[in-house]
Structures are given as structure tokens and as C-alpha cells.
Amino acid sequence: MPETTQFAGMGGEDSTDSSLQANTVLQRRYKVLGVLGGGGMGTVYQARDLNFPDVRKLVAVKEMLNPTTDPTLHASTLKTFQREANILATLNHSAIPKIFDFFDQNDRVYLVMEYINGRDLETLLAQTKELPIDKIIEWSIDLCDVVEFLHTQPKPIVFRDMKPSNIMVDQFGKIRLIDFGIAKIFDGGTKKHTMIGTEGYCAPEQYKGDVTVLSDVYSLGATLHHILTRKDPRLEPPFSFAERPIHDFNPAAPDTLVQVVEKALSFEPQNRFQSCLEMKTELEKLRYKPQINIVANGGTKSTQQGGSETSFFAGLDSHGTIEPRWKFKAEDEIRCTPAANKELVFIGSYDTNVYGLNLETGAFAWKYATHGGIASSPVVDQSNRLVMFGSEDKTFYALDYRNGKISWSYTTQDKIRSTARIANEVDAVFFGSDDGHLYALGAPNGRFLWKFQLGEAVRSRPVIANDLVIVGSESGELFSLGLDGKRKWSYRTKRAVTSSPFVDTTEGICYVGSMDGFLYALDAGNGFSSWRYRTNGPIISSPTVEGDLVFFGSTDGNLYALNAQTSKEKWKFATEKPIISSPIAYQGAIYFGGTNDHFYCVDIATGKERWKFKTNGPITSTALIVNDTILFGSLDKTLYALPLAAG
């Protein structure tokens, strides 16, 4: 989405004497650039944070006027506002702007928060003829998620003013809530039964001052009705949505979506969804429908949305074609490797989301939205019940793997493309960042332990063996560190090391590929070279060892099998296009993906192809085998689940 900043009231016809002028500096830190918006209780400005002189860091500064002249009331309202600001500052959700600062100056109170480059939904409705239904459904799900997050805080927060103008769509196409109604605490005359909110969107009980979490459900329904019909409820009689059926104005709206909106708009609270989570669940059924192809007797296929049928007759139909147990379609490329725990499988996508899916059926369970594409593969920490991953929004996340709710997060200085490694013996997690550091955090809570500078971006996945952490860098060096972050040894190759090292703990050998085209075998204890093997292209694929063989792919289009001790080639398998995916070995076979859109199963002893499966895009990630199922993602935006029996 393009830059959409528009300044108003900076010396023009709309300016007022009470507005801050451009170039005003607050707290010797925030330089006002222009007005983003405003209302009766104050103004929102765009400002530059001068604490970052070398970069142009923009923030939003929300100014709240405090017109009372009573010093006691002034102090009381200021204290109440500060308490509200402190509550908001503790909220950690991708759809809630981050709060950076709070201060009182010249009888005005200021809240400094994350600047969002985008447009509010009211503006989008005015500037567009129609919005895609799938995008409306996505926004609906995300709105349910963030409002449910507010409702389930230790002290529940009722948003009270859901409407299109309070919902921003940022440059990534993700929704953000931008107004939490903090100004309400400045109304010294507010009584218990004062109506707060916007007419047309407010629930019937809200007009009486009786506000509950179910009032937000109604307002969310009113907002969605407005988006779907483009009929502003503020211009219509209250509670008259039934007189404007959605299909009369938007025939493309799915029946299920219409039913969800209509239920949310029920006049009586007990007839609505009883939580935003319940509403979100219904919307997710509409948005995510896994494709499940089950091969029945005689090879006849039927498509189901669930069921316990798991007999796939060796995974082949009557013509010998492999049939997936299920497929899950994300909204963008899948470049990472899935992880699984019990009945759930986890996968990230460049659509910025990590998904939790049912392992048996592929049914959607939950998703968590970040602000950047996800190339880092999720990893499971069973002891802490967490799934962890990094995002290109520079943040490392730890979610409760049961429901996808955030447990903790840690922000680095650049994109995170490295997959993490968990060390259960020290309850820590290790991962690299494009800022050039390897990070060590406490796994239960994200507490910073240490970081080590490797010179350039760290996209390799660290390996932990014999109390050592070994990881590669785009600088071309392979580093070995102690669990305390102290350097043990390093080995320099001629090009970047994106490949993740593999350590054979029995032999004490570390294997790693380099963009210089060599696979290296090093002594894991001291970094001394044992041998190196040259291919005809850069090696991004990570090696694996099975028995006395080491397997890896090269961008020269070959999968190699070498003697792990001598580097003598046993066989190589040609695909004619670069192999970036890392191989895995299982029960006498090697499984890997190719950039020629095929997933392969190759005999481990002979290198002969057993079968291959065609997708609609290159496969760059590693497969996962769990519960007799092979899981892998493709750049065609799909996570595939193949029956292992087919191998």
C-alpha cells in the first residue's frame, strides 16, 4: 500500500489556535511534522523521534486536552489517563499500535505511539468501488481476534467504539485498531449510565449505558454490515440493519458471512455470539476449508471436510498417482518447514501468518499474524508448551501452541530468517538475525541471555552438540560458541554460509555447505578441516547423515550421497534444477523437494527414484515426517500432507 500521509490544519483554513505548529518539538524529542487527524478532545500528529538522528523514525503523537481549571480534578483526570495509558502499554498484539511514551505538558497530555502508514476503513470505503470478499473475511477474523484479546485480559477491556474510522489498514494490508477511547476519562461529569460510543454502531444496551463485551460483538457486526453494504448506519434509523439486507447491496457476500453478521446484530445480547472467539470460529470455517482427497476402494475419490477415514491404500490411486491426505492453502508462499506436536501441525507463510492446523485433517485451528513474511520455520518447545519462530518484521515470537496466543516476543534490529534451536538442558532458545547477531533467550519467558556478533546476517539454523552452539554467517564464517556465548573456534569459507550445520555426535564431525560450492567436514571440537567436496553450484541445502552417508543438495541440480568419512561419492540424483530444500532420511529413503516443482522419494542405498509428486511451485523447505504423514510446503502457497506409505 502506498504512502498515504495527509496533513491537515497546519496553517491552512482548518488550523486552530490550539493546534501545535509544524516543527514544534515536544520533550526535546518529538518534532511535529503535521496533523494526522483530530476531534473535540485533541489532535493526532505525525512526529519524528529525534533520539534516532541517523534514521527517520516516525511516531504518532496523540494530544488530549484537559480543559478543567480545578487543580484537584486536573490531577485526578491526569492520573486516571496515565493509568489507562499504562494498561494499553502492557498490551502486546499485532493489531494494537505499540505505545512508546506518555507525558504532561502545558495542560495537555500526550501519548506517543507507533505510526501506522495506511488508511482507515472509512476512507477505503470512500475511495473504492468494492473490496474483495476474501479480504473482508480476513479482516473480520483479525478484528475478532484482537477484540477477544482485549476481552480476555485480567481486567477485561471493552473497546466500545468499533467503526470503520477506528480501523486502519496498514501497508501490509493488515488491520490495526487506532482509538481506544482514552478521552472518556477526561469527562469529569461521566456517570455510570452515560452513553459512550458512536450512534449507529452502538448496541441497543449501550444507549442505556449498560456496556458489556457483547456490545463489542454488536458493533463489530454493524461495522461489517457497513463494509459489505456501504450503507452508513449513522445515516439510518437506529437498529434498522434488517431493513437493509446485505444481499440487496452485495450479492457476492457468502450466505455464511451474512448469517454471521446478522447473528452479531441481534437486538438481544443473549441471541448474539457470546464471545468474539465464537464469532471468529464461525468466520474461520468460512475462510479456511482444507481440501481432503481420500482414495476409496477401486480408486474412486471423494472430497470431505473431515472424518476419521485414514486408509489410503499405500497412498496411490488405481493409476499409481499419489493422493494427498489433505492440502492447506495459505495466502502467500510457504518457504519454511512445518513443525508438529500431538494433534497439531504448525506452518508459517509469507502472508505474515503462522497457522495451527489439525494434523489428521488439515482443518484450521488458529493463526497468529505478524507484520512481515515468515521464512523462519516454527519449532516446538514441549516443556513450555510453546511454538517459536522469527518474522521479517524483526521479531521473534513464542506462542502457546494450544491456541496461538502470544506468550512473549523479542525484537531484534533486522529481519529474522534463521530457524531457532532449543536447548532443553539450559531452557534456552538460539536464533540468528539479519542484524548479524546470534541471540540466546530464556525459552520460558524470552529473557535476554546474550548475543554474539558474527559480522553479517545470520540465516543459518544453529546446531547444538556437546555443549557447543555452531552456526554459519553470510560473512562466510562458521562459528562455534559455548552455551554461555563465548567463542570456541571459527572456520572461514569463501562465500556465505546459509546452510545449517549438522553434527554427527558419534564421530564428532560437523558438516556444512557454503555458497562457494563446497560441502565441508570439520572437527566439531576444534574446527579443523577433515575434508571438503566440491559441487558445481552454491550449497544452500543443509546436510543430514544416515549410517555412513552424508546427503545434501546443490544448486547444480543434484542431490549427493557421500561417504561421511572419506567424501567419496556413492551416488547423485539429478533433477536438472537447483536443489535448495534439505533432505531428510527415513526408513531406507531420502525425501526432498526441488525447484522444478516436484517432491521426491529416492532409495537411500541406490539413489534410484521411488516416486515423485508434482506441486504447482518450487519447493525450497525441508519436509517433516510424523504419524505416517509427509508434510512439506511449496511456493504455490500450499502445505501438502502425503501418506508415508507411498514411500
Would you say that more than 12 heavy atoms from the other residues, nucleotides or ligands in this model lie under 6.0 Å from the CZ of Arg230, or not?
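Atom CZ in Arg230 is packed in, count exceeds 12.
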
Surrounding NZ of Lys342 (heavy atoms of other residues, nucleotides or ligands, distance under 6.0 Å), is the total greater than 12?
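No.
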
Going from [atom1] on [X] to [atom2] on [Y], what distance comes out if it is rounded to the nearest 0.5 angstrom?
| X | Y | atom1 | atom2 | result |
| --- | --- | --- | --- | --- |
| Asn166 | Ile178 | CG | CD1 | 5.5 Å |
| Leu121 | Thr223 | CG | OG1 | 8.5 Å |
| Ser433 | Lys451 | OG | NZ | 9.5 Å |
| Ser165 | Glu122 | OG | CD | 4.5 Å |
| Leu277 | Met279 | CG | CE | 12.0 Å |
| Leu631 | Leu639 | CG | CG | 5.5 Å |

Side chain [X], main chain [Y], donor-acceptor under 3.5 Å:
| X | Y | result |
| --- | --- | --- |
| Glu278 | Phe273 | no |
| Glu114 | Lys98 | yes |
| Thr638 | Tyr640 | no |
| Thr337 | Thr622 | yes |
| Thr629 | Leu642 | no |
| Asn445 | Arg447 | yes |
| Trp408 | Ala443 | yes |
| Trp366 | Val354 | no |
| Ser541 | Ile579 | no |
| Thr498 | Arg459 | no |

Salt bridge check: are [X] and [Y] linked by an N-O gap of less than 4.0 Å?
| X | Y | answer |
| --- | --- | --- |
| Arg417 | Glu474 | no |
| Asp351 | Lys329 | no |
| Glu282 | Lys263 | no |

Applying side-chain contact (heavy atoms from CB on, under 4.5 Å) between Leu91 and each of Ile99, Val146, Ile157, report the one that passes.
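Going through Ile99, Val146, Ile157 one by one, the side-chain contact (heavy atoms from CB on, under 4.5 Å) with Leu91 is satisfied by Ile157 alone.
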
Of all residues at least two apart in sequence or in a different chain, which pass the side chain to side chain donor-acceptor pair (under 3.5 Å) check with Ser215?
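Per chain and number, Ser215 pairs via side chain to side chain donor-acceptor pair (under 3.5 Å) with Glu205.
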
Which heavy-atom pair separates [X] from [Y] by the least distance, and what is that distance?
| X | Y | answer |
| --- | --- | --- |
| Arg176 | Asp170 | NH1-OD2, 3.6 Å |
| Thr128 | Leu131 | OG1-CD2, 3.8 Å |
| Asp636 | Gly617 | CB-N, 3.7 Å |
| Pro583 | Ser542 | CD-O, 3.5 Å |
| Val626 | Ala340 | CG1-CB, 4.1 Å |
| Ser621 | Ser581 | O-OG, 2.8 Å |

Would you say the side chain of [Y] lies within less than 4.5 Å of the side chain of [X], judging by non-hydrogen atoms?
| X | Y | answer |
| --- | --- | --- |
| Val458 | His437 | no |
| Ser500 | Thr419 | no |
| Leu357 | Trp326 | yes |
| Leu143 | Leu177 | yes |
| Arg461 | Arg421 | yes |
| Pro538 | Pro578 | no |
| Val169 | Trp139 | yes |
| Asp134 | Glu331 | no |

For a ring pair (Phe, Tyr, Trp, His ring centres under 6.0 Å) with Phe396, tell me which candidate from Phe448, Tyr410, Phe431, Phe389 qualifies.
Phe431

Show, in sequence, the C-alpha distance, side-chain angles and deciding distance for Thr411 and Thr395, and conclude whether the side chain to side chain donor-acceptor pair (under 3.5 Å) test is met.
CA-CA 4 Å; Thr411 301; Thr395 302; 3.2 Å; yes

Under a 3.5 Å threshold, yes or no: a donor from one side chain and an acceptor from the other, between Asp400 and Ser407?
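There is no such pair between these side chains.
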
Could you please spell out the steps behind the side chain to side chain donor-acceptor pair (under 3.5 Å) verdict for Ser383 and Asp381?
CA-CA 6 Å; Ser383 61; Asp381 179 1; 2.8 Å; yes

Results of ring pair (Phe, Tyr, Trp, His ring centres under 6.0 Å) for Phe430 - residues two or more places apart only:
Trp450

Please determine whether side chain to side chain contact (heavy atoms under 4.5 Å, CB included) holds for the pair Asp427 and Asn384, giving the CA-CA distance in whole Å, both sets of side-chain angles, and the decisive distance to 0.1 Å.
CA-CA 9 Å; Asp427 215 6; Asn384 293 301; 3.2 Å; yes

In terms of the angle between their ring planes, are Tyr401 and Phe346 parallel, tilted or perpendicular, with boundaries placed at 30° and 60°?
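Tilted, since the angle between the ring planes falls between 30° and 60°.
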
Below 30° counts as parallel, above 60° as perpendicular, anything between as tilted: where do the rings of Phe632 and Phe599 land?
parallel

Geometric cation-pi criterion, Arg335 with Tyr350: 6.0 Å, 45°:
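So Arg335 does make the cation-pi contact.
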
Candidate pair Lys174 and Glu138, rule side chain to side chain contact (heavy atoms under 4.5 Å, CB included), full reasoning:
CA-CA 9 Å; Lys174 299 299 181 181; Glu138 177 191 332; 3.0 Å; yes

Intermediate values then yes/no, side chain to side chain contact (heavy atoms under 4.5 Å, CB included), Ile625 and Ile584:
CA-CA 9 Å; Ile625 296 180; Ile584 58 171; 3.7 Å; yes

Does Thr256 form a side chain to side chain contact (heavy atoms under 4.5 Å, CB included) with Leu283? I'd like the steps, not just the answer.
CA-CA 8 Å; Thr256 304; Leu283 289 166; over 6 Å; no

